[in-house]
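Some notes on the structure that comes next.
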2 protein chains.
Amino acid sequence: MIQKKISTAVIKRLPKYYRYLGDLLENDVVRISSKELSNRMGVTASQIRQDLNNFGGFGQQGYGYNVEYLYNAIGKILGLENKYNTIIVGAGNLGQALANYTNFDKRGFEVKGLFDVNPRLIGITVRGIEIKDLDEMGSFIKENSIDLAILTLPKQKAPKVANDLVSYGIKGIWNFAPIDLKLSNKNVIVENVHLLDSLMTLSYNIKERI
Amino acid sequence: MIQKKISTAVIKRLPKYYRYLGDLLENDVVRISSKELSNRMGVTASQIRQDLNNFGGFGQQGYGYNVEYLYNAIGKILGLENKYNTIIVGAGNLGQALANYTNFDKRGFEVKGLFDVNPRLIGITVRGIEIKDLDEMGSFIKENSIDLAILTLPKQKAPKVANDLVSYGIKGIWNFAPIDLKLSNKNVIVENVHLLDSLMTLSYNIKERI
DNA sequence: TAGATTGTTAATCGATTAACAATC
DNA sequence: TAGATTGTTAATCGATTAACAATC
């Protein structure tokens, strides 16, 4: 199927739609118009309709959108019906916190393994998963069909391990290291969470107010 | 001083410039042209020059930019010379992980207090800071001139606590709860880190590759 | 001075918003 | 049928890129 390229601006808004629709669903709202949704979300109704129509016509003239149907449709677009076998590489504070974060499981991201180089961490169990030595990562990925790696290593170690992950056949890296990974294989998807960048943006905006 | 409004697109790129310049500085690079920096960062040289010129002329024709000077200038634009007294509200896994994250201190974000409602957490010490009851938050903010709150509560509790924070005079909220906070005071800055949104974006992109 | 590279204006591109015919 | 609201085209707006004169 030939699909027109969807802009990243649109893609980044999909989870927000999904979130709001999930809330509506929890509150037993059955239908919603783009206008009403636009009021709640603080975006234009036009944008909502444009965004959704990149993926198909989910609404009905004169009626609006069925909340449950649209919620499920967006979930499917986002690939949330898939299950992703996940490992966390870097079992420090952040890695362990993410391992304990149950919301990820709910969306199909299941943590199967935890890895670190620190001998003081290896052997410790977090949420029923034993932290393993980084040396074992390659075989673990293959044996357990790991799709996704969460990278919570310091920036010095991140690039090498990232390329190892690529060579072991991983499909995506959720990167928390404060560095832009340059991977050898362009088919591996990297999504960055640069926490410090976000914090600096906050700092900028606070400063502007003073 | 009347300053023209800087677009958020530009502001969000500043931390990335700051990061690359920091790396260059670590590697004792003295000067860099917009062209060379554009190669490294994977953006256009034109964009770099445009972005920087929103804040002033930092370069020199025929020479380029002095790395250290530009690094410090951007740091100042981002407000990193300021010190921010910070509290973390929600001392679960994520809250504790962030409390332990030393990179924030380096940028002037100093964690002064940790708060939670869970009696099993109250009294525990994380990185030398005792977790306090949420009831004590208001007086603590005033007594310790807290500027910033990191919100790592579940989404049910986040809106109320956020508005409490506003009423106690906080300047900014770094929000990790999966909800868009609607605050009573528009002068309080909110910066969202929606981890699940980021993960869903990754999921979408992986799915598109398959 | 000649070469390099900025700062800045102008051109292009893409994303957002407005408008409205189609239709439930 | 009349009213509401979508899907979609057209208009607008803003952001990015290209070009080049200014100048170190």
Side-chain angles (χ1 to χ4, degrees), chain A residues 2-17 20-21 24 29-74 77 180 201 204-205, chain B residues 2-17 20-21 24 29-74 77 180 201 204-205:
Chain A
I2 291 160
Q3 208 184 322
K4 72 167 166 274
K5 178 93 174 73
I6 312 288
S7 79
T8 57
V10 173
I11 294 159
K12 287 214 182 142
R13 281 193 293 266
L14 291 178
K16 186 171 171 181
Y17 293 130
Y20 274 83
L21 289 164
L24 290 169
V29 177
V30 174
R31 54 167 281 219
I32 193 151
S33 67
S34 59
K35 181 136 184 294
E36 167 67 8
L37 190 58
S38 83
N39 285 145
R40 292 180 187 244
M41 294 182 66
V43 301
T44 63
S46 196
Q47 182 166 75
I48 293 173
R49 295 203 299 278
Q50 284 275 24
D51 283 353
L52 296 178
N53 274 87
N54 281 300
F55 304 97
F58 300 109
Q60 202 170 57
Q61 283 97 328
Y63 175 86
Y65 300 87
N66 178 285
V67 173
E68 188 172 6
Y69 179 78
L70 186 57
Y71 176 78
N72 289 325
I74 294 177
I77 291 163
D180 297 329
T201 306
Y204 174 87
N205 286 315
Chain B
I2 292 159
Q3 207 185 323
K4 73 166 164 273
K5 178 89 174 76
I6 313 288
S7 80
T8 57
V10 173
I11 294 160
K12 286 213 182 142
R13 282 194 291 268
L14 290 178
K16 186 170 171 182
Y17 293 130
Y20 274 82
L21 288 164
L24 289 168
V29 178
V30 174
R31 54 167 281 218
I32 194 151
S33 68
S34 59
K35 179 134 185 295
E36 167 67 7
L37 190 57
S38 84
N39 286 144
R40 292 181 185 243
M41 294 183 66
V43 300
T44 63
S46 197
Q47 182 167 76
I48 294 173
R49 295 203 299 278
Q50 284 275 22
D51 283 355
L52 297 178
N53 274 86
N54 282 300
F55 304 97
F58 301 109
Q60 201 170 58
Q61 282 98 330
Y63 174 86
Y65 299 88
N66 177 286
V67 172
E68 188 173 7
Y69 179 78
L70 185 57
Y71 176 79
N72 289 326
I74 294 177
I77 291 163
D180 296 329
T201 306
Y204 174 87
N205 286 315

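The sequence lines fix the lettering, A, B, ..., with proteins before strands; numbering per chain opens at 1.
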Gap between atom CG of A/D51 and atom CD1 of A/I11 - 0.5 Å precision: 10.5 Å
Min and max contacting nt of DNA chain C in 5' to 3' order, chain B heavy atoms within under 4.0 angstrom, are C/dA4 to C/dA10
Pairing check on C/dC24: which nucleotide meets the Watson-Crick or G-U wobble criteria with it, both distances under 3.5 Å? D/dG3
For A/I74 and A/F58, run side-chain contact (heavy atoms from CB on, under 4.5 Å): C-alpha distance rounded to whole Å, both residues' side-chain angles, the deciding distance at 0.1 Å, then the answer. CA-CA 10 Å; A/I74 294 177; A/F58 300 109; 5.9 Å; no
How would you label the contact of B/S33 with the nucleic acid (heavy atoms, under 4.0 Å): base, sugar-phosphate, or nothing? sugar-phosphate
Output, in order, the C-alpha distance, side-chain angles, deciding distance and verdict of side-chain contact (heavy atoms from CB on, under 4.5 Å) for B/Q50 and B/V10. CA-CA 9 Å; B/Q50 284 275 22; B/V10 173; over 6 Å; no
Once you round to the nearest 0.5 Å, how far does CG of A/L37 lie from CD1 of A/I32? 5.0 Å
Nearest 0.5 Å, please: how far is OH in B/Y65 from CD in B/E36? 13.5 Å
Does D/dT9 pair with anything, Watson-Crick or G-U wobble, both distances under 3.5 Å, and if so, with which nucleotide? C/dA18
Does B/S46 reach a base, just sugar-phosphate, or nothing at all? Heavy atoms under 4.0 Å. base
Would you check, one step at a time, whether the test side-chain contact (heavy atoms from CB on, under 4.5 Å) holds for B/D180 with A/Y20? CA-CA 10 Å; B/D180 296 329; A/Y20 274 83; 3.0 Å; yes
Take A/A9 and A/Q60, find for each the nucleotide of DNA chain C with the closest heavy atom, and name the residue whose nucleotide sits nearer the 5' end. A/A9
First encountered from the 5' end of DNA chain C, between A/R13 and A/R49: A/R13
